[in-house]
**Student:** 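Provided herewith is a single structure, encoded as C-alpha cells, for subsequent inquiry.
Quick caveat: nothing in here was measured; it's all calculated off a predicted structure.
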Amino acid sequence: YLVFSEMWEVFSFFGMRGLLTVFIVDKISGLGMSEVTANLQYGATQAFVYAFTFIGGLVADKILGFRKSLFWGGLMMITGSCILAFNPQQFFFLGIAFTIVGTGFFKPNISTMSLRSLQNQIGAEIKSTIPSGNLLVVRKPMVMTSQSAVKTLSQNELVEFAEPNFIYRINKTPNDPSLGRLWGLQN
C-alpha cells in the first residue's frame, strides 16, 4: 500500500507542479493571469507545501499519529484534485489549498512509515540518516547474517540499493608491550 500511496502523492504534487503555471497563464481555459502573477502563485504554492510539511509532521507527532495523518493527508489531496477537476476556474484556490494541506500531512509521514516498515521487516535499528541522499545506515540484528539482511532489503520495493558495511572491532588486545610500535599505534 505504501507504493500506491507514494505514487498518488507524487502524481498529485509533481503533476500539479508541472501544470500549475501553464493553467494560471492560459487565457482560454485557464485563469488568464499574467506570467509575473503566475510565477508568484507558483512560488507561493511551493512555499506553502514545504511549510505545511513541517506543520503536518508536528500534528502527526503530537496529535494524530502517522497512519491517521497519512489517511487525512491522502483524503485531502484527493479532494483537492477532484475540486480542480470539477471546476478549476471557479474553485482554483480552494482545490490548491486542499492539495497543499494534504501534501503537508502526507509528505513527512510517508517517509516515516516507509522507515518503520523496513525496521519491522528485518528488525533493524537505524543508526543514522543522511538526508541529502535519503540514505540510511542500519544495524542488522545479531541473529541475521549480513547476506540475508542485504537480500531481504533488496527485495523490498522501497529500497533502491543495499550493501553491507563491515566494521570489525577487536574485542581483546594482545598482551604484547611492543604491539603499538609494530603497528604504528604510538599515542
**Student:** Locate the shortest heavy-atom distance separating Gln90 from Asn87; write the atom from each residue and the value.
**Tutor:**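 For Gln90 versus Asn87, the nearest heavy atoms are OE1-ND2, 3.0 Å.
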**Student:** When you compare the side chain of Met77 with that of Phe106, does any pair of heavy atoms fall below 4.5 Å?
**Tutor:**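 Counting from C-beta outward, Phe106 and Met77 do come under 4.5 Å.
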**Student:** Hydrophobic side-chain clustering at under 4.5 Å (ILVMFWY, transitive links): who's grouped with Leu40? Put none if nobody.
**Tutor:**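 Hydrophobic cluster check, Leu40: joined to Val36.
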**Student:** Return the OG1 to CD1 distance between Thr99 and Ile83, rounded to the nearest 0.5 Å.
**Tutor:**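 Separation between the atoms: 8.0 Å.
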**Student:** Check ring-ring contact (aromatic ring centres under 6.0 Å, His included) between Phe52 and all other residues, then give those that pass, not counting sequence neighbours.
**Tutor:**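 Expected list: none.
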**Student:** Measure the spacing between CG of Asp26 and CE of Met33 and express it to the nearest 0.5 Å.
**Tutor:**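 So the CG of Asp26 and the CE of Met33 are separated by 12.5 Å.
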**Student:** If every non-hydrogen atom of Pro88 is compared with every non-hydrogen atom of Ala85, which pair is closest and at what distance?
**Tutor:**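 In this case the closest contact between Pro88 and Ala85 is CD-O, 4.4 Å.
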**Student:** Establish, from distance only, whether the side-chain atoms of Gln41 and Thr37 form a donor-acceptor pair under 3.5 Å.
**Tutor:**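 Not at all, the side chains of Gln41 and Thr37 share no donor-acceptor pair under 3.5 Å.
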**Student:** Determine, step by step, whether Val59 and Phe105 satisfy the side chain to side chain contact (heavy atoms under 4.5 Å, CB included) criterion, reporting the C-alpha distance in whole Å, the side-chain angles of both residues, the deciding distance to 0.1 Å, and the verdict.
**Tutor:** CA-CA 8 Å; Val59 169; Phe105 275 96; 3.5 Å; yes
**Student:** Can you give me the closest heavy-atom contact between Thr53 and Thr103, atom names plus distance?
**Tutor:**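 Here Thr53 and Thr103 meet closest at CG2-O, 4.3 Å.
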**Student:** Is there a path of hydrophobic side-chain contacts, each under 4.5 Å between heavy atoms of I, L, V, M, F, W or Y residues, that connects Phe23 with Phe91?
**Tutor:**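 Yes, Phe23 connects to Phe91 through the hydrophobic network.
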**Student:** Nearest 0.5 Å please: distance from the CZ atom of Phe86 over to the OG1 atom of Thr79.
**Tutor:**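 Answer for the CZ-OG1 pair, Phe86 versus Thr79, is 14.0 Å.
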**Student:** Just to verify, what does Phe48 make a ring-ring contact (aromatic ring centres under 6.0 Å, His included) with, not counting sequence neighbours?
**Tutor:**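 In terms of ring-ring contact (aromatic ring centres under 6.0 Å, His included), with neighbours along the sequence ignored, Phe48 is linked to no residue.
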**Student:** Do Leu84 and Val22 land in one hydrophobic cluster if side-chain heavy atoms of ILVMFWY residues count as linked below 4.5 Å?
**Tutor:**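 Looking at the clustering, Val22 is in a separate group from Leu84.
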**Student:** For Gln147, is the CD atom crowded, meaning more than 12 foreign heavy atoms sit under 6.0 Å from it?
**Tutor:**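 Counting other residues, nucleotides and ligands, CD of Gln147 stays at 12 neighbours or fewer.
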**Student:** Looking only at heavy atoms, which two atoms of Val25 and Ser34 are closest? And how far apart?
**Tutor:**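 The answer is CG2-O, 4.3 Å.
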**Student:** Taking a hydrophobic cluster as the set of Ile, Leu, Val, Met, Phe, Trp and Tyr residues connected by side-chain heavy atoms closer than 4.5 Å, whether directly or through intermediates, do Ile63 and Val101 fall within one such cluster?
**Tutor:**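 Yes, same cluster.
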**Student:** Flag the pair Leu64 / Phe71 as yes when at least one side-chain heavy-atom distance between them is below 4.5 Å, and no otherwise.
**Tutor:**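 Of all side-chain heavy-atom pairs linking Phe71 with Leu64, none is under 4.5 Å.
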